Amino acid sequence: MMRRKHLGRKPLYWWLFLVGLHLAGLLLYVLYIRSLITAAYQGEAPDWFTQLIKGLYPRFFTEQHRFPMAFFLEKADQILLRYLLFISMAGGVYYFYTSYQQPWRKLTQPQITPQQAYWLRIAWVVISLWAAYDWQGILLNMHRAAAFYAPISFYRLYPVFPSKILIQLCWWGWLVATLLSLTRWKTTLWTSLSVGLFIIQQGWLWGFHKMDHTWASLNYMSLWMPLLVVQQQQAQRKEKTFFPASALFLIQVSIAFVYLQAGLEKLLVGGWGWLEGATFRTFLLSAQTDMGRWVAQHDFLCQLLPVLGIIFELGFLAVFISKFWRIIWLIAGILFHLGTFLLLGAGWYITPWTLLYIFYIFPQKNSHLAKPV
Amino acid sequence: MKKIIIGIICLAIWLPFIATTHFYPFLRFGMYAEPVRKELEYFRITFKEKAKGPEQAFDVRILGLDERMMNYLIRDYYYQDKMSAFERKLQESCKSADWEQSVASWQIWQIHVTAQGVDSAQVATFDYSRR
């Protein structure tokens, strides 16, 4: 009997079908959809396509008066390129998952004790309190500029800046839920409520035309905190000394994804031109910090620093290779964020980005990262 | 069920990157990604207490906003050609903040930053002394 060829756990024809499907889609885009976008710009697209654009990108019909056609074609090309990049990475991860079960388990299920999980939860509560202790005051002050409020995303369902009472209710609700999340009573519920209210309040803060990334990594990792609580509680019920904390891995990988995406954005949007010293120098001059002005006078530093920054962001997944690389990359991360503050005025000496590194340095048993350097 | 939720959140984390836009709370990380071909710009607000008096910097913190946030606000209104609406909202916000300073005119400045240096131009003025 002839044996079918396999790639990972899936037969080779399954992969070939998937690649073929994407190639067909790519061909369809190049030969047909691109010309439809051009037609839509000129107001000559078929009705079904015009309706589709209205649904997916309603600003198109406003923006077409401001930008040339090339802008929209470039945007569409970018989306396709990014999708192909994402699907290739997802395919690579799936291949690793199906082909190397043991290393996959070691990587994605770091073993920690319920006590360690509790310490991590305390760390999360402390970082959250530090992040949002003054949000009530900030939001109440922002109330003066309510006329400028431009709700983002799902906030458009309630397009009015929240009343002072609602702001106070949410903030106090968040504070109580965050503190109660450390008790044994309804822990998952309080943790979920704390995460939800943290995100809701933040959405109001970014409702003034400027999106800030200060708390982005904290948001992403917080989404996994209820899962960490559930896994810890299950381990406690079964009286396990160690338990596989996949939630901890999800926290770590979510933060790593943020760095990877930031690095990819720079190359996809700015191209290699982003690495030119002139670009970085202009950012420095715009920020007008003392150290930034000094660095701007040195060509070599203006050339070197953006290259190091890109290597750091694109390579952050190195934290999963070994303990040695994890230490190197986390130290680089501290210097990176310190640099963005001192040179570009973004952030502060301490940021939630670096505080969250505690989720990488916690001792883990049975993981390949537990081996001595 | 657990795997589906994990899959959805992981996809949601990548969605803004693919679609090149924010889907709050999932964000696109395009900060400092734009290449600077020629220049960067930012905006500033000044006001005159009397028609022929000196220009004074307007502290946007009076409105509960920081400089960067106000900069984004002005930029959006300026490029959408909605500076009249901006002025109306600025007045409304000052009133809401109980800012009792008398204002004869507002000036909006656009500041350009290039590798060679910094220069500025007045892009809007709202003069109440002529009304």
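First the proteins, then the strands, lettered A, B, ... as listed; each starts at 1. Just so we're clear, the structure is a prediction, and the values are computed from it rather than from any experiment.
For Leu205(A), the part sitting under 4.5 Å from any heavy atom of chain B is the backbone (N, CA, C, O) and nothing else. Using a 4.5 Å cut-off between heavy atoms, Leu267(A) makes no contact with chain B at all. Neither the backbone nor the side chain of Trp215(A) comes within contact range of chain B, judged by heavy atoms closer than 4.5 Å. Residue contact with chain B, scored on non-hydrogen atoms closer than 4.5 Å, involves the side chain of Ile152(A) exclusively. Only the side chain of Phe154(A) comes within contact range of chain B, judged by heavy atoms closer than 4.5 Å. Looking at Ala346(A), the atoms closer than 4.5 Å to chain B (heavy atoms on both sides) sit in the backbone and in the side chain alike. For Tyr83(A), the parts lying under 4.5 angstrom from a heavy atom of chain B are both the backbone and the side chain. Looking at Tyr155(A), only its side chain comes within 4.5 Å of chain B, counting heavy atoms on both sides. Looking at Lys2(B), only its side chain comes within 4.5 Å of chain A, counting heavy atoms on both sides. Of the atoms belonging to Met142(A), heavy atoms from both backbone and side chain fall under 4.5 Å from chain B. Within the 4.5 angstrom heavy-atom criterion, no atom of Leu81(A) approaches chain B. Only the side chain of Leu227(A) comes within contact range of chain B, with heavy atoms under 4.5 Å apart. Looking at Thr340(A), neither its backbone nor its side chain comes within 4.5 Å of chain B, counting heavy atoms on both sides. Only the side chain of Leu260(A) comes within contact range of chain B, judged by heavy atoms closer than 4.5 Å. With a 4.5 Å cut-off on non-hydrogen atoms, Ala19(B) touches chain A through its backbone but not through its side chain. Both the backbone and the side chain of Arg68(B) have a heavy atom closer than 4.5 Å to some heavy atom of chain A.
By the neighbour-count criterion of 12 heavy atoms within 6.0 Å, atom CD of Glu74(A) is sparsely surrounded, having that number or fewer from other residues, nucleotides or ligands. The local environment of CD in Gln101(B) is crowded, with over 12 non-hydrogen atoms from other residues, nucleotides or ligands closer than 6.0 Å. With a 6.0 Å radius and a threshold of 12 heavy atoms from other residues, nucleotides or ligands, Asp59(B) has its CG atom above the threshold. Annotation for Phe86(A): atom CZ counts as buried by contact number, over 12 foreign heavy atoms lying within 6.0 Å.
At distances below 3.5 Å, not a single donor-acceptor pair connects side-chain atoms of Arg144(A) with backbone N or O atoms of Cys94(B). Here the side chain of Arg82(A) pairs a donor or acceptor atom with the backbone of Phe17(B) at under 3.5 angstrom. Looking at His213(A), its side chain does come within 3.5 Å of a backbone N or O of Arg28(B) through a donor-acceptor pair. Under the 3.5 Å distance criterion, the side-chain polar atoms of Tyr24(B) are matched with a main-chain donor or acceptor of Ile199(A). For Trp274(A) (side chain) and Tyr32(B) (main-chain N/O), a donor-acceptor pair under 3.5 Å exists by modelled atom type.
Scanning both residues, Ser93(B) and Ala145(A), for their nearest heavy atoms gives OG-CA, 3.7 Å.
To the nearest 0.5 angstrom, Asp66(B) atom CG is 11.0 Å from Phe208(A) atom CZ. One finds the CD1 atom of Ile62(B) at 11.5 Å from the CG atom of Asn141(A) (value rounded to the nearest 0.5 Å). In this structure, Gln261(A) CD and Ile18(B) CD1 are separated by 8.5 Å, a value rounded to the nearest 0.5 Å. For the atom pair NE2 (His112(B)) and OG1 (Thr282(A)), the distance works out to 13.5 Å, reported to the nearest 0.5 Å. Distance check: Leu27(B) CG to Asn219(A) CG gives 7.0 Å after rounding to the nearest 0.5 Å. Note that the OH atom of Tyr42(B) and the OG atom of Ser286(A) stand 7.0 Å from one another [nearest 0.5 Å].
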_For a side chain to side chain contact (heavy atoms under 4.5 Å, CB included) check, start with the C-alpha distance between Ile79(A) and Thr20(B), then their side-chain angles and the critical distance, and finish with the verdict._
CA-CA 7 Å; Ile79(A) 291 173; Thr20(B) 68; 4.3 Å; yes
*Would Trp14(B) and Met89(A) count as a side chain to side chain contact (heavy atoms under 4.5 Å, CB included) if you check the C-alpha gap in whole Å, the side-chain angles of each, and the deciding distance to 0.1 Å?*
CA-CA 11 Å; Trp14(B) 279 94; Met89(A) 288 191 294; 3.6 Å; yes
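For a heavy-atom cut-off of 4.5 Å, chain A lies close to Ile6(B), Ile9(B), Cys10(B), Leu11(B), Ile13(B) in residues 4-13 of chain B.
For chain A, the option among Glu92(B), Arg61(B), Met69(B) with the highest count of heavy-atom pairs below 4.5 Å is Met69(B). In terms of heavy-atom pairs under 4.5 Å with chain B, the best-connected choice from Leu264(A), Leu80(A), Leu268(A) is Leu264(A). The greatest number of non-hydrogen atom pairs below 4.5 Å with chain B, out of Ala90(A), Gly203(A), Ser246(A), Pro306(A), is found for Gly203(A).
A tilted orientation is assigned to the rings of His209(A) and Tyr77(B), their planes being inclined by 30° to 60°.
Taking 4.5 Å as the limit, some side-chain heavy atom of Phe148(A) sits within range of a side-chain heavy atom of Leu90(B).
Under the 6.0 Å cut-off for aromatic ring centres, Phe29(B) and Tyr259(A) do not qualify, their centroids lying 6.0 Å or more apart.
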